[in-house]
Amino acid sequence: METTSSTTASSSDFIREIVSDDLKAGRVQEVVTRFPPEPNGYLHIGHAKSIFINFEIAREYGGKTNLRFDDTNPLKEDSEYVNAIQEDVAWLGFKWDGLYFASDYFEEMYQRAIRLIKKGKAYVDDLSADQLRETRGTLTESGQNSPYRDRSVEENLALFERMRKGEFRDGERVLRAKIDMASPNLNMRDPVLYRISHAVHHNTGDKWCIYPMYAFAHPLEDAIEGVTHSLCTLEFKDQRPLYDWVIQECEMENVPHQYEFGRLNLSNTVMSKRYLKRLVDEKLVDGWDDPRMPTISGLRRRGFTPEAIRSFVSELGITIAGGEVDYKLLEHHVRLDLNVRAPRAMAVIKPIKVVITNYPEDLTEMMEMEINPEQPELGTKKVQFSREIYIDRDDFMEVPPPKYHRLYPGNEVRLKNAYFVTCTDFVKDDEGNVVEVHCTYDPETRSGSGFTARKVKGTIHWVDAKSAIQAEFRLYEPLLAGDFDEELPLEQTINPDSIKIEHGYIGADLKDAKPQEKYQFVRHGYFNVDPKDSTPEKKVFNLIVSLKSSFKIDNPAGK
RNA sequence: UGCCGAAUGGUGUAAUGGUAGCACGACUGACUCUGACUCAGUUAGUCUAGGUUCGAGUCCUAGUUCGGCAGCCA
């Protein structure tokens, strides 16, 4: 959305200032950014912020953005994820200039590593992973040099080549940078550059058995692609000196610079890929795109729009201070978008039958309903009305609380787009549940007739019983049960009420509703036709977000 | 407690030495054939202590609190 973007562009932040200065000073001719996901899981709402920042900033300054898969760890990666990630980025509305894989640069990276060895800046280490950890030192003590640190260049070269040829088992040797074991920055204590892993890579197959580590690979990837501003999240801050070291010592032609911003934390939401993957693997959710998941695919299936997600992350701004954004802000942006776009419809989620006793038994009428009051030019549609209808259980009470404007014995309400009805009676079953409500209607009050002699406090929605279509409604609450505790057994971390399924009715006007179509069910909320489970015969609607309500039934006027 | 970083209403974010503003939330009220939307209003903030300055959220010093870093993960 152009308007959204240009509005946001006016507000500056430290990254836009840097980019703008670099351009002005001629340090870069064209800004090039990248979004570098590892294909080891699905993208989530947190990634949306990163995607937005990288693509949007480049766009604002007339630059380019690459989508690059940071696939340097074959053990965790899979082409299922590379496909899903592309779909999600595209769905969010971003077009990448280049589509790259870190694995395409393996040979170049290998050559750069050799250059490092020849300069005496890297060495092959025989220490085991445990020994390496033990000699790294701690936060307060410096580490010790490896006994293999001073091998000759020739020996290192030979050993590194043998690593590549597969002469060693996993973990037997690593290539390390020779920097400073006493550095207060742990990342500079001779970090591992290459490890041995006899694993099949989704892209390179079994061509390689040594794989570069992130700290070595990432700066090289950026430099190779001509990235100018490498924007990442704060947890990489401590890697920056190493990033610059790699660029310099590998003598890269292009010199990219890394800048870090605070990642998105959403209240009541866990975004760790590890946790999300466990939920998927242990089948506690219906896949990565379960509508309760904070994944892009989950949000899509739930019914969120890319526009809403973009305007949400855009409003967040780019800062270094980290905080936690209220989920309500995301909901606000969804409502804002859907209010304008979603056609209105009437649906009854928890039905109770209403008989209009003085309405002719053989009569049906077609009532007019506005498609969307925010877009009057869309006009109206016809909805059927007759003697028996369904209304929602919440709209009738035998004993109304204060300020209750809906149906109760003796009260008159408006049936939206139809008539005024007055409750005359109701029927209970053996257990005391109200199963049927009786009303009378006033023919003079027909919607659109201009009747003004009487006013009524409440308007309720309904669905004609004769023509109603059964439908399933999936009502969602936060996935997480209370405060997240990683120690807890997985099942206990999720809210048992995170999904509630209700069987109710939609009107015949929705009989052709298609997957991913979004509707506002009047007085309920916004719903999406589920793309997986909805069928032409049995429609399934996902609650995207409910409408706001200033009526609190639990907290009546007295306070 | 070694290094790095951050602290502005309940939440997010602006103010680049000169009137602390915006958005969300919450609460009032108006409007309403959606208790929605919209509109009007209320609420509430510069972590602490010193210092520099005519003037400090902003600069300096010290402290406090919070976050990140000890994968052959990214």
Side-chain angles (χ1 to χ4, degrees), chain A residues 11-13 17 36-38 40 70-73 75-77 125 127-130 132-134 136-143 170-176 183-189 191-197 210-211 213-215 217-218 232-241 260 262 264 267 273-274 315-333 335-336 339-340 344 346 369-370 373-374 403-406 413-418 420 445 447-448 455-461 520-525 546-553 559:
Chain A
S11 81
S12 194
D13 52 74
E17 271 171 31
E38 183 190 12
N40 67 343
D70 210 355
D71 54 351
T72 57
N73 183 2
L75 261 19
K76 292 186 175 176
E77 294 150 9
D125 199 336
L127 255 29
S128 70
D130 285 344
L132 208 145
R133 182 168 8 90
E134 285 157 16
R136 186 159 23 228
T138 66
L139 294 177
T140 51
E141 304 160 44
S142 59
D170 289 6
E172 225 176 308
R173 290 205 169 52
V174 291
L175 182 74
R176 287 229 259 173
S183 172
N185 181 344
L186 291 289
N187 293 299
M188 300 299 269
R189 319 240 264 228
V192 172
L193 267 21
Y194 267 93
R195 79 284 212 179
I196 299 170
S197 178
I210 56 172
Y211 292 92
M213 299 289 292
Y214 169 89
H218 206 89
C232 62
T233 44
L234 244 29
E235 65 269 29
F236 294 101
K237 178 83 183 168
D238 294 336
Q239 301 258 6
R240 191 145 136 186
E260 312 85 13
L264 167 65
S267 64
K273 272 198 231 174
R274 196 179 134 268
E315 192 187 333
L316 261 26
I318 309 173
T319 57
I320 294 173
E324 191 177 76
V325 177
D326 197 331
Y327 189 84
K328 284 187 166 76
L329 184 62
L330 211 207
E331 293 189 325
H332 166 74
H333 284 273
R335 289 195 187 100
L336 223 49
N339 178 45
V340 180
R344 311 287 123 121
M346 295 196 285
M369 176 172 185
E370 262 187 307
E374 303 292 327
K403 300 225 176 168
Y404 187 80
H405 299 151
R406 286 109 96 149
V413 300
R414 182 194 295 276
L415 293 176
K416 188 167 170 60
N417 310 307
F420 286 12
T445 59
S447 182
K455 289 229 178 226
V456 105
K457 278 279 184 74
T459 299
I460 65 175
H461 62 276
Q520 185 202 89
F521 291 152
V522 157
R523 301 208 310 127
H524 274 302
S546 60
L547 253 24
K548 287 204 289 185
S549 173
S550 58
F551 179 64
K552 308 271 192 300
I553 202 160
K559 282 183 185 168

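Note that the structure is a prediction, hence the values are computed from the model and not measured. Residue numbering restarts at 1 for every chain, and letters A, B, ... go by the order of the sequence lines.
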**Q** List in chain and number order the residues that pass salt bridge (Lys or Arg N to Asp or Glu O under 4.0 Å) with A:Arg176, two or more places apart in sequence or in another chain; answer none if no residue qualifies.
**A**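 In terms of salt bridge (Lys or Arg N to Asp or Glu O under 4.0 Å), with neighbours along the sequence ignored, A:Arg176 is linked to A:Asp125.
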**Q** Polar pairs (N or O, both sides) under 3.5 Å between protein and nucleotides 40-46 of chain B?
**A**
none

**Q** Is A:Arg240 close enough to B:G5 that one of its side-chain N or O atoms is under 4.0 Å from OP1 or OP2 there?
**A**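 So the side-chain polar atoms of A:Arg240 never come under 4.0 Å of the phosphate oxygens OP1 or OP2 of B:G5.
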**Q** Would you call A:Arg240 and A:Glu260 a salt bridge, taking side-chain N to carboxylate O under 4.0 Å as the test?
**A**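 Yes, this pair counts.
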**Q** Closest to the A:Leu547 side chain: B:A70, B:C72, B:U34?
**A** B:U34
**Q** Establish whether the base of B:G71 is bridged to the side chain of A:Arg133 by a donor-acceptor pair shorter than 3.5 Å.
**A** no
**Q** Ignoring the backbone of A:Lys237, work out which of B:C4, B:G35, B:U1 is nearest its side chain.
**A**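 So the nucleotide nearest the side chain must be B:C4.
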**Q** Using nucleotides 65-69 of chain B, report all nitrogen or oxygen pairs with the protein that are shorter than 3.5 Å.
**A**
unit_1: B:G68; atom_1: N2; unit_2: A:Asp238; atom_2: OD2; d: 3.0
unit_1: B:C69; atom_1: O4'; unit_2: A:Asp238; atom_2: OD2; d: 3.4

**Q** Could you list the residues that satisfy ring pair (Phe, Tyr, Trp, His ring centres under 6.0 Å) with A:Tyr214, not counting sequence neighbours?
**A**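 Per chain and number, A:Tyr214 pairs via ring pair (Phe, Tyr, Trp, His ring centres under 6.0 Å) with A:His218, A:Phe236.
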**Q** Which value, in whole Å, describes the distance between the P atoms of nucleotides B:C47 and B:G9?
**A**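 Per the computed distance, 7 Å lies between those P atoms.
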**Q** Tabulated below should be each protein N or O lying under 3.5 Å from an N or O of nucleotides 22-26 of chain B; please produce it.
**A**
unit_1: B:A23; atom_1: O2'; unit_2: A:Glu315; atom_2: OE2; d: 2.7
unit_1: B:G25; atom_1: OP1; unit_2: A:Lys548; atom_2: NZ; d: 3.3

**Q** So which nucleotide from B:G35, B:C73, B:C72 ends up closest to the side chain of A:Val174?
**A**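 Selected nucleotide (nearest to the side chain): B:C72.
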**Q** Among the nucleotides B:G71, B:U34, B:U38, which one has an atom lying closest to any side-chain atom of A:Leu336?
**A**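 Of B:G71, B:U34, B:U38, B:U38 is nearest to the side chain of A:Leu336.
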**Q** Look at the side chain of A:His405 and decide which nucleotide, out of B:G35, B:C37, B:C72, has an atom nearest to it.
**A** B:G35
**Q** Using the six-membered ring for Trp and the full ring for Phe, Tyr or His, decide whether A:His218 stacks on the six-membered base ring of B:A74 (centres under 5.5 Å, planes under 30°).
**A** no
**Q** OP1, OP2 of B:C72 versus side-chain N and O of A:Arg173: anything below 4.0 Å?
**A**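 No, outside the criterion.
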**Q** From CG of A:Leu127 over to C1' of B:A70, roughly how many Å is that when rounded to an integer?
**A** 15 Å
**Q** So that I can compare with my own list, what are the stems of RNA chain B, taken as at least three consecutive Watson-Crick or G-U pairs with distances under 3.5 Å?
**A**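 Stems for RNA chain B, defined as runs of 3 or more consecutive pairs: B:2-7 with B:64-69, B:10-13 with B:21-24, B:25-30 with B:38-43, B:47-51 with B:59-63.
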**Q** Which residue, A:Thr72 or A:Thr445, contacts RNA chain B at a nucleotide closer to its 5' end, judged by nearest heavy atom?
**A** A:Thr445
**Q** Assuming nearest nucleotide by heavy-atom distance, tell me which of A:Glu141 and A:Lys455 is located more 5' along RNA chain B.
**A**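 Whichever sits nearer the 5' end wins; that is A:Glu141.
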